[in-house]
Amino acid sequence: FLSSLPMLTFALNALERTPDVKFETPPNLLRTFVFVPEQKLMLCVIPKIGSHVIKDFLWHYRMKRYGDMRLKDRPIVVANTALYFHYAPSQIKSFMRDTSWKKVVFYREPLERFASAHASKCLGIDKDGYVICKHAFGHERMSFDEAAAQLLPGRMPGDYHFWPVSEHCGGLRSFLPLYDIVEKLDARTMPDIMDGLMLESGGYEGRLGAKAKEVVDKFFPKAASGPPDTKHHTHAADKLQALYASNETLMRVASFYEHDYDLFGMRPPAWAQARLRELAEIHRYLSFESSGTCDEACAELRAAVIAYACGPPLGWPRHPMYSAAAPLLVGGTTALARAAASH
């Protein structure tokens, strides 16, 4: 019941040290690297960060610009990837260190990305979603809170759609400094980024340059108000506060993706930060390891507040002290924490 509380430390504080990670990419993850070799472009395309629309765009782009008709017989998910070009991990690593290659990676707010992955895979928005959800968590269908409960520090889900961004593309915690463009996925800025990327790398030059520009403008129109690939858009950002109504779920997800927050200098949304800070304060005031004595009434009050803060664990009966906290909440949980600490 109390085991998740220490994770607050990780959810609120970035790690000061970043361990060295070897460039090791399993064969199935080679599809996260996509290339336009004619322009010396390499993109780290991570699931649930616009990956489908970027791969779809490059599928059309290379056919129009470079006449690679072999792509017609390749599914978008592997087209233009390291698997398609038969690049070995050692070759990819050499491209990373070659300054003549332009390397690009996009990232996304972790709470939003996990919500999007859950919706597309465990709620069946994607046609292959239930299979992936089972690979990740052992069941084809899972509620949001149930899926979040499977996220444990140091243990990756069974499918890479739910892995932290920092675990992708050979280990971004070590290799991110080698990337030239590191941008947060945003429908408002993507058109300018992709247009500039293709322009700078020579994509608009020559006889077929105009056709290439047409493909870019089609997939990334300047007046876009959202991703053009609407069937893969889960609108996760619009539902976040409702999805993270459980403090337990919020703590688990924020903790699991701690390295992503640290690596990209992100912070959770303001509403999430406020709740995490309050929960951290409750934890500090109500820690059973704190100094001083606590009589029976004090212990009951502490148990009531913790039960209110975290809620009963998934699958467990409601904690008997959970309802006892309700009449004590007039001053809010932070005020209640102080009262309990000084009881």
Next item on the list: Give a yes or no answer on whether the side chain of Lys184 reaches the backbone of Arg108 with a donor-acceptor pair at less than 3.5 Å.
Entry: no
Margin query: Can you tell me how the ring of Tyr87 sits relative to the ring of Phe35, calling it parallel under 30°, perpendicular over 60° and tilted otherwise?
Written below: perpendicular
Check: Quick one: side chain to side chain donor-acceptor pair (under 3.5 Å) partners of Lys102, sequence neighbours excluded?
Finding: none
Note to self: Do Asp145 and Ser246 pair up side chain to side chain, a donor and an acceptor below 3.5 Å, judged on atom types alone?
What the structure shows: no
Notebook entry, point to check: Is there a donor-acceptor pair under 3.5 Å between the side chain of Trp59 and the backbone N or O of Leu71?
Noted result: yes
Next item on the list: List the steps and the verdict of side-chain hydrogen bond (donor to acceptor under 3.5 Å, both in side chains) for His52 and Asp56.
Entry: CA-CA 6 Å; His52 186 85; Asp56 194 12; 4.8 Å; no
Next item on the list: Taking the side chain as every heavy atom from C-beta outward, state whether Phe57 and Val215 have any atom pair closer than 4.5 Å.
Entry: yes
Notebook entry, point to check: Do Val253 and Phe256 have side chains that get closer than 4.5 Å, going by heavy atoms?
Noted result: no
Check: Can you hop from Phe85 to Leu58 via hydrophobic side chains spaced under 4.5 Å?
Finding: yes
Next item on the list: Check the pair Phe137 / Phe162 against ring pair (Phe, Tyr, Trp, His ring centres under 6.0 Å), numbers first and verdict last.
Entry: CA-CA 10 Å; Phe137 303 119; Phe162 296 90; 4.7 Å; yes
Next item on the list: Given side chain to side chain contact (heavy atoms under 4.5 Å, CB included), test Met190 with Ile54 step by step and report yes or no.
Entry: CA-CA 10 Å; Met190 280 291 284; Ile54 293 173; 4.2 Å; yes
Checklist line | Pair Ile46-Ile49, side chain to side chain contact (heavy atoms under 4.5 Å, CB included): steps then yes or no | finding: CA-CA 6 Å; Ile46 298 167; Ile49 309 183; 3.9 Å; yes
Note to self: Under the criterion side-chain hydrogen bond (donor to acceptor under 3.5 Å, both in side chains), I'd like the reasoning laid out for Lys48 against Ser120: C-alpha separation, chi angles, the key distance, then a yes or no.
What the structure shows: CA-CA 9 Å; Lys48 307 314 301 176; Ser120 64; 3.2 Å; yes
Next item on the list: Tell me whether Met251 is reachable from Trp271 by hopping between hydrophobic residues (I, L, V, M, F, W, Y) whose side-chain heavy atoms are closer than 4.5 Å.
Entry: yes
Next item on the list: Check whether any side-chain heavy atom of Pro153 lies under 4.5 Å from a side-chain heavy atom of Glu258, and answer yes or no.
Entry: no
Next item on the list: Drop me the distance from Tyr257's OH to Leu263's CG, to the nearest 0.5 angstrom.
Entry: 14.5 Å
Next item on the list: Give a yes or no on whether Leu151 and Leu123 share a hydrophobic cluster (residues Ile, Leu, Val, Met, Phe, Trp, Tyr; joining criterion: side-chain heavy atoms under 4.5 Å apart).
Entry: no
Next item on the list: Using a strict 4.0 Å threshold on nitrogen-to-oxygen distance, state whether Asp192 and Lys222 make a salt bridge.
Entry: yes
Check: Taking 4.0 angstrom as the limit, do Lys213 and Asp195 come out as a salt bridge?
Finding: yes
Next item on the list: Measure centre to centre between the rings of Phe95 and Phe33, then say whether the value is under 6.0 Å.
Entry: no
Check: Do Ile132 and Asp126 pass the side chain to side chain contact (heavy atoms under 4.5 Å, CB included) test, and can you show the C-alpha distance, the side-chain angles, and the key distance before you say yes or no?
Finding: CA-CA 10 Å; Ile132 292 175; Asp126 290 357; over 6 Å; no
Notebook entry, point to check: Just one of Glu167, His135, Arg31 clears the side-chain contact (heavy atoms from CB on, under 4.5 Å) bar with Tyr160, so which one?
Noted result: Arg31
Next item on the list: Decide yes or no for Asp180 and Val104: does some side-chain heavy atom of the first lie under 4.5 Å from some side-chain heavy atom of the second?
Entry: no
Next item on the list: Please find out if less than 6.0 Å separates the ring center of Phe219 from that of Tyr61.
Entry: no
Item checked: Separation of Leu152 CG from Ser255 OG (nearest 0.5 Å) -> 9.5 Å
Check: Would Phe114 and Phe144 count as a close aromatic pair, with their ring centres under 6.0 Å?
Finding: yes
Notebook entry, point to check: Quick one: are Met96 and Trp101 in side-chain contact, heavy atoms under 4.5 Å?
Noted result: no
Notebook entry, point to check: When rounded to the nearest 0.5 angstrom, what distance separates NZ in Lys103 from SG in Cys44?
Noted result: 13.0 Å
Notebook entry, point to check: How long is the gap from OG on Ser116 to NZ on Lys121, to the nearest 0.5 Å?
Noted result: 9.0 Å
Margin query: Under a plain distance cut-off of 3.5 Å, with no hydrogens placed, do Tyr261 and Glu109 share a side-chain donor-acceptor pair?
Written below: yes
Note to self: Let's go through Tyr84 and Val34 carefully: what are the C-alpha distance in whole Å and the side-chain angles of both, what is the deciding distance for side chain to side chain contact (heavy atoms under 4.5 Å, CB included) to 0.1 Å, and is it a yes or a no?
What the structure shows: CA-CA 9 Å; Tyr84 178 78; Val34 294; over 6 Å; no
Next item on the list: Answer whether the closest heavy-atom distance between the side chains of Cys133 and Glu140 falls below 4.5 Å.
Entry: no
Next item on the list: May I ask you to say whether Asp186 pairs ionically with Arg188, meaning some side-chain N is under 4.0 Å from a carboxylate O?
Entry: yes
Notebook entry, point to check: In Å, rounded to the nearest 0.5 Å, how long is the span from NZ of Lys134 to CZ of Arg141?
Noted result: 11.0 Å
